[in-house]
K.L.:
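Dropping the structure in here first, questions after.
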Amino acid sequence: LGSAGAPRGRCAPICDPGASRGWARVVEPSMATEEMRRKILRVFKQLSYASRDLPNPEAGRREVWKIKAWLRADPSRWDARGFAYLRYQQKEVEATIKLAKYRAMKRRYYD
């Protein structure tokens, strides 16, 4: 055991961030949620920008509003599952944009 009662090589259950005993610093839950919050906000911003390129931008704006309301409704959605849902929605929007561009090109050159 270490000097404070913790096994050597392991962090004590609650580490003092300012301690210089050589123990690894435990990541506080608030820090982890703050990182996830930043990821969610970044993906939400990308989704908002991507929705402008949809064939019907007004419908895209409504979808973004629905997603925003979904996120605001429950604080427990600001986790990895909410992040995965946002990424899924972002991929759906990107796929819709690509399909619209493909159809426009097909009309232009093959019809």
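Note that the numbering runs from 1 along the sequence shown for the chain. Here the structure is a predicted model, which is why all the values come from computation and not from measurement.
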K.L.:
Taking all non-hydrogen atoms of both residues, which atom of Ile40 and which atom of Leu71 are closest, and how far apart?
P.N.:
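The answer is CG2-CD1, 4.1 Å.
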K.L.:
Could you tell me the separation between the CG atom of Leu41 and the CG atom of Leu86, rounded to the nearest 0.5 Å?
P.N.:
9.0 Å
K.L.:
Starting at CE of Met105, measure out to OH of Tyr110 and round the result to the nearest 0.5 Å.
P.N.:
5.5 Å
K.L.:
Show every donor-acceptor pair shorter than 3.5 Å between a side-chain atom in residues 58-70 and any protein atom, with sequence neighbours excluded, or say none if there are none.
P.N.:
residue	atom	partner	partner atom	Å
Glu58	OE1	Arg61	NH1	2.8

K.L.:
If I compare all heavy atoms of Thr96 with all of Pro55, which pair ends up nearest, and what's the gap?
P.N.:
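Taking Thr96 first and Pro55 second, the nearest heavy atoms are CG2-CD, 4.4 Å.
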K.L.:
If you round to the nearest 0.5 Å, how far is CZ of Arg37 from CZ of Phe44?
P.N.:
12.5 Å
K.L.:
Output the distance between atom CZ (Arg107) and atom OH (Tyr102), rounded to the nearest 0.5 Å.
P.N.:
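Output value for this atom pair is 11.5 Å.
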K.L.:
Working to the nearest 0.5 angstrom, can you tell me the gap between Gln90 CD and Lys45 NZ?
P.N.:
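Rounded to the nearest 0.5 Å, the CD-NZ separation comes out at 13.0 Å.
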K.L.:
Between Trp78 and Met36, what is the shortest heavy-atom contact and its length?
P.N.:
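Where Trp78 meets Met36 most closely, the heavy atoms are O-CG, 4.0 Å.
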K.L.:
With rounding to the nearest 0.5 Å, note down the distance linking CD in Glu94 to CZ in Arg87.
P.N.:
7.5 Å
K.L.:
Grouping I, L, V, M, F, W and Y whenever their side-chain heavy atoms are under 4.5 Å apart, do Tyr49 and Leu47 come out in a common cluster?
P.N.:
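Cluster IDs for Tyr49 and Leu47 differ.
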K.L.:
Check whether any side-chain heavy atom of Lys39 sits under 4.5 Å from a side-chain heavy atom of Val43, and report yes or no.
P.N.:
no
